[in-house]
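Below: the structure, in structure tokens.
Atoms within each ligand, like the ligands themselves, are counted from 1 in listed order. This structure is a prediction, so every number in the text was calculated from the model and none was measured.
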Amino acid sequence: MENAKNTSPFKLGHSLNIGDPQVIGIVIAIFTVLITIGFFLWRYKKTARKAVLLMGLSDAGKTLIYTQLLHHKFVRTHTSVKENSGEYAFGKGLLRIIDIPGHERLRAKFFDEYKHAAKGIVYIVDSVTVQKDIRDVAEFLYTLLSDLVVANHSLPFLILCNKQDQTMAKGCSVIKSLLEKEMNVLRTTKSSQLESTNETANNNTFLGKKEKEFEFAHLLPVKVDFVESTAVQRDPEEPAELDGLKKWLLQIA
Ligand SMILES: Nc1nc2c(ncn2[C@@H]2O[C@H](COP(=O)(O)OP(=O)(O)OP(=O)(O)O)[C@@H](O)[C@H]2O)c(=O)[nH]1
């Protein structure tokens, strides 16, 4: 009994023997636990959701909004074939803004690549052509909203009604009701397509409340907000009008 007391590795003073295999075992165990915790913290930081995806049809203004937000300047843009990614810092906060190409053949691939890092999605709409392109605008939005990652993480959406400097631009409330009407139609066609082919959806294809007209408010806990923007400067000395977008970014950060 006396012997056991003296060899206890927890007893400081004369009984702590560094070469004791028991002590070595404990030290190795502590190191292993610390390294494992460190590794998980590092992985968590690396994969933490801090990206905001700029999405929408081609020509909506994503790349110009990206450059105005990050570099505060107007640039002549071209159809993007790859993503732009950069850090948007404000106060103590930091978000990664990712401008995803709007081209039909590219957008799904980029969305799949970045959706796991997304903290929110900005869906940019060309307010001039929205009525003419309503089917495509609504269909792409429907695809994004019914994605499982969006639903599981309740990712917030901002519908950004861009190009408000144009006289033919529709306002936010008109765009919202145009989209709600079209989403309603899409929802019916998508559910009957599924029924007729006897397929089971691999995502939440039914959006909103059954037996009710489609409303964005019914998507909660996925919150969908609408604001207006103008990404070109009306006057070269004046900044672009992106205040609504900036406020929303602050809210979700
Ligand atoms: N008048 C006006 N033009 C804008 C505005 N925002 C963007 N544009 C113009 O719209 C065109 C398309 O803008 P982009 O930023 O390239 O569009 P995009 O959404 O990135 O397009 P993709 O790269 O094809 O996905 C450019 O000529 C822009 O200068 C705006 O607020 N007002």
- Query: Is D99 salt-bridged to K62, cutoff N-O under 4.0 Å?
  - Reply: no

- Task: Say whether, by atom type as modelled, one donor and one acceptor occur between the side chain of Q233 and the main chain of E238 under 3.5 angstrom.
- Result: yes

- Task: Provide the number and element of each atom of ligand 1 under 4.0 Å from a heavy atom of G102.
- Result: 25 (O)

- Query: Would you say ligand 1 has an N or O under 3.5 Å from any N or O of Q164?
  - Reply: no

- Under 3.5 Å: N/O of D99 near N/O of ligand 1: no

- Between N162 and ligand 1, which part of the residue brings a heavy atom under 4.0 Å of the ligand: side chain, backbone, both or neither? side chain

- Message: Does K246 qualify as a cation-pi partner of F90, given the criterion of NZ or CZ under 6.0 Å from the six-membered ring centre and within 45 degrees of its axis?
- Response: no

- Message: Can you report which non-hydrogen protein atom sits closest to atom 3 (N) of ligand 1, along with the distance?
- Response: V232 CG1, 3.7 Å

- More than 12 non-hydrogen atoms from neighbouring residues, nucleotides or ligands closer than 6.0 Å to CD on E113, yes or no? yes

- Note on the structure: atom 10 (O) of ligand 1 sits nearest the protein heavy atom K163 NZ, 3.1 Å

- Message: We want to know whether Q164 and S127 form a side-chain donor-acceptor pair, criterion being a heavy-atom distance below 3.5 angstrom.
- Response: yes

- Identity and distance of the protein heavy atom lying nearest atom 26 (C) of ligand 1: T77 OG1, 3.5 Å

- Message: Can a donor-acceptor pair be found, under 3.5 Å and without considering hydrogens, that links the side chain of Y123 to the backbone of V137?
- Response: yes

- Exactly one candidate in N162, D165, D243 meets side-chain hydrogen bond (donor to acceptor under 3.5 Å, both in side chains) with S229; the answer is N162

- For A60, the ligand 1 atoms whose distance to one of its heavy atoms is below 4.0 Å: 17 (O), 19 (O)

- among protein heavy atoms, the one nearest atom 19 (O) of ligand 1 is K62 NZ, 2.7 Å

- Item | Q166 neighbourhood, listing ligand 1 atoms whose heavy-atom distance to it stays under 4.0 Å | 1 (N)

- Donor-acceptor under 3.5 Å (H103 side chain, R105 main chain): yes

- Message: Taking the six-membered ring for Trp, are F216 and F226 closer than 6.0 Å centroid to centroid?
- Response: yes

- Message: If the cut-off is 4.0 Å to any non-hydrogen atom of A231, which atoms of ligand 1 fall inside it?
- Response: 6 (N), 30 (C), 31 (O)

- Task: Looking only at protein heavy atoms, identify the closest one to atom 24 (O) of ligand 1 and say how far it is in Å.
- Result: S58 OG, 2.4 Å

- Are the charged groups of R187 and E213 less than 4.0 angstrom apart, N to O? no

- Query: Which residue owns the protein heavy atom closest to atom 17 (O) of ligand 1, what's the atom, and how far is it?
  - Reply: G61 N, 3.2 Å

- Of all the non-hydrogen atoms in the protein, which one sits nearest to atom 15 (O) of ligand 1, and at what distance? L64 N, 2.9 Å

- Do the side chain of Q68 and the main chain of A231 share a donor and acceptor less than 3.5 angstrom apart? yes

- Considering only the protein, which heavy-atom contact is closest to atom 1 (N) of ligand 1, and what is its distance? D165 OD2, 2.9 Å

- Message: When you compare ligand 1 with H103, is there at least one nitrogen or oxygen pair between them that comes in under 3.5 angstrom?
- Response: no

- Task: Would you kindly specify which portion of D59 sits under 4.0 Å from ligand 1, judged on non-hydrogen atoms: side chain, backbone, both or neither?
- Result: both

